[in-house]
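Here the structure is laid out as structure tokens; the discussion comes afterwards.
Nothing here was measured: the structure is a model prediction, and the numbers come from that model.
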Amino acid sequence: MATDLDLVILGAGPAGCATALAAIAAGVERVAILDSPARQAFRIGESAAPDVVAKLRLLGISDDLEARGHRPYYTNLSLWAGERRFDDFLHRSTGNGWHLDRERFDEDLRQASCERGAQLLTPAVLESLRWDRGEWQLQITYQGKPHLLSCRYLVDASGRRASLCRRLEIERKRLDDLVAVACKWPNAGKLEGITLVESVADGWWYATRLPDGSALLALMSDAAVVRRKRLRNPETFYALWAQTEELQQWLQPPRHALSLTCFAAYSGFVTQAAGPGWIAVGDALAAFDPLTSSGISNALGDGLAAAPVITDWLHNNGLQAAERYALRANRGINRFLREWQGQYNLERRWPDHPFWAHRRGVMPPVFTSPRLSALSPP
């Protein structure tokens, strides 16, 4: 295991691996990825926007997703604000989206990163860090043993927990407490090529077909609503499923118990995108509502955008590229906030229900996020 490194990335998800691939392509040689995989019954985040294919191509990864077991999808079907709508990708001239086998997709990115020269350390936990004379000193636990690493640059790709940003005391704005109460349903039936969304009094339902022919079904609501109404209780979950207008036409509630799993899905962003010797990418930088289906695309895009920031610092301790990265992030966050508020404001059927009332009051009509400065010292 190399311990004197140019670049250490915290997290081996799509954002971390995309950053590794882009940085290596830009000439960064000594790269390590630290990963501490979470134990989950299954993965979510399987719907990918059409532009994912182009970003994989830029990373030097095969864009033949169907050959890797992923499935194209063509239509978003929604019942929102009482209006039933088909949003067909064919009318956008952007190509189709994708329903991913997330475990395989993530593993392919990790394998590609290792093949290009990145060192994957897993399971590895960052215990402490300090900035000392232009380098980071990292104390980690790797496969149960303590190790000391040094590197010139750190990437926070640790997802919504933003572990590096927290250690650097970077403020994180959190917009809501959205969670997904989810299950896998054995037969997706008619959902081939379709992602379905239906708003209800306590949030909204999401359903889609997975590449193995099963369906992923999730009830999206706020954590407090889930607790108060016991939405993780299978009987409650199934009863609400049976009350849907659109969803039950595509998937019938089961006659037997299914295991429910709860996932964090809240929106939020850090108020500083990068600084001397570090950068945040993917959900660590900004996590967006799953309504956008933009998580994978944003993760790959951040990795591509981070590479010039990293090389600018490694070559001449420069921060000009970091400032451009911060401005790019700021534009993306403000665009999301406008679209996010606009989408939730369309639904006015349950004005007194906490889920919808919170989203009307979470922001003023015009919201400007703090500028994501890139200049503060570590």
Side-chain angles (χ1 to χ4, degrees), residues 13-15 18 42-59 61-80 83-109 180 182-199 203-220 241 244-252 261 263 265 282-283 287-301 336 339-340 343:
F42 53 90
R43 295 294 309 275
I44 62 171
E46 66 297 316
S47 293
D51 64 350
V52 161
V53 169
K55 291 175 180 177
L56 290 173
R57 196 177 301 129
L58 289 172
L59 290 167
I61 303 295
S62 171
D63 58 5
D64 191 354
L65 288 174
E66 199 158 7
R68 299 299 297 164
H70 312 293
R71 301 288 296 175
Y73 96 91
Y74 307 98
T75 300
N76 291 311
L77 167 61
S78 62
L79 182 60
W80 195 274
E83 179 183 355
R84 189 172 189 261
R85 178 180 176 185
F86 280 95
D87 182 11
D88 196 328
F89 286 123
L90 296 177
H91 295 156
R92 300 191 203 170
S93 302
T94 57
N96 56 272
W98 290 92
H99 287 153
L100 303 175
D101 177 337
R102 270 304 301 273
E103 289 189 6
R104 184 166 190 175
F105 183 82
D106 290 5
E107 179 56 33
D108 283 348
L109 286 175
C183 69
K184 289 184 72 173
W185 178 235
N187 186 354
K190 298 180 291 182
L191 282 175
E192 173 75 31
I194 294 174
T195 289
L196 183 152
V197 169
E198 179 177 351
S199 56
W204 50 275
W205 287 93
Y206 167 92
T208 196
R209 184 189 188 277
L210 298 175
D212 64 4
S214 65
L216 177 67
L217 176 67
L219 176 57
M220 316 296 295
W241 181 352
T244 60
E245 180 178 343
E246 186 70 41
L247 174 61
Q248 68 167 315
Q249 304 301 319
W250 297 81
L251 291 176
Q252 284 293 313
T261 304
F263 298 89
D283 284 350
F288 297 147
D289 194 300
L291 267 178
T292 66
S293 294
S294 62
I296 297 291
S297 177
N298 288 340
L300 301 182
F336 159 73
E339 295 172 356
W340 181 78
Q343 183 65 34

Do the side chains of [Y] and [X] get nearer than 4.5 Å, heavy atoms only?
| X | Y | value |
| --- | --- | --- |
| Leu247 | Leu217 | yes |
| Ile61 | Asp108 | no |
| Leu300 | Leu109 | yes |

Pairing of Arg102 and Glu46 as salt bridge, 4.0 angstrom limit
no

Indicate yes or no: does Glu245 engage Arg84 in a salt bridge with an N to O separation below 4.0 Å.
no

Whether Thr244 side chain and Gln248 backbone form a donor-acceptor pair below 3.5 Å
yes

Distance-only, no hydrogens or angles: does the Lys190 side chain make a donor-acceptor pair with backbone N or O of Gln249 under 3.5 Å?
yes

What are the two closest heavy atoms between Arg209 and Leu191, and how far apart are they?
CB-O, 3.6 Å

Can Val197 and Asn76 be said to form a side-chain contact (heavy atoms from CB on, under 4.5 Å), step by step?
CA-CA 8 Å; Val197 169; Asn76 291 311; over 6 Å; no

His70 vs His99, side-chain contact (heavy atoms from CB on, under 4.5 Å): CA-CA, chis, key distance, verdict
CA-CA 6 Å; His70 312 293; His99 287 153; over 6 Å; no

Just say parallel, tilted or perpendicular for the rings of Trp241 and Trp185, cut-offs at 30° and 60°.
perpendicular

Parallel, tilted or perpendicular: which one describes the rings of Trp340 and Phe336, with boundaries at 30° and 60°?
tilted

Go through it in stages, so that I can follow the logic: the residues are Ile296 and Trp98, the test is side-chain contact (heavy atoms from CB on, under 4.5 Å), and I'd like the CA-CA distance, side-chain angles, deciding distance and then a yes or no.
CA-CA 11 Å; Ile296 297 291; Trp98 290 92; over 6 Å; no

Roughly how far, to the nearest 0.5 Å, is [atom2] of [Y] from [atom1] of [X]?
| X | Y | atom1 | atom2 | value |
| --- | --- | --- | --- | --- |
| Leu77 | Thr208 | CG | OG1 | 11.0 Å |
| Leu100 | Arg68 | CG | CZ | 12.5 Å |
| Glu107 | Asp101 | CD | CG | 11.0 Å |
| Glu198 | Trp80 | CD | CH2 | 10.5 Å |
| Tyr74 | Thr195 | OH | OG1 | 12.5 Å |
| Tyr206 | Leu291 | OH | CG | 10.5 Å |

So Leu65 and Leu56, side-chain contact (heavy atoms from CB on, under 4.5 Å) or not? Walk me through it.
CA-CA 10 Å; Leu65 288 174; Leu56 290 173; 3.7 Å; yes

Indicate whether any N or O donor in one side chain lies under 3.5 Å from an N or O acceptor in the other, for Ser214 and Asp212.
yes

Look at atom CZ of Arg104 and say whether more than 12 heavy atoms of other residues, nucleotides or ligands are closer to it than 6.0 Å.
yes

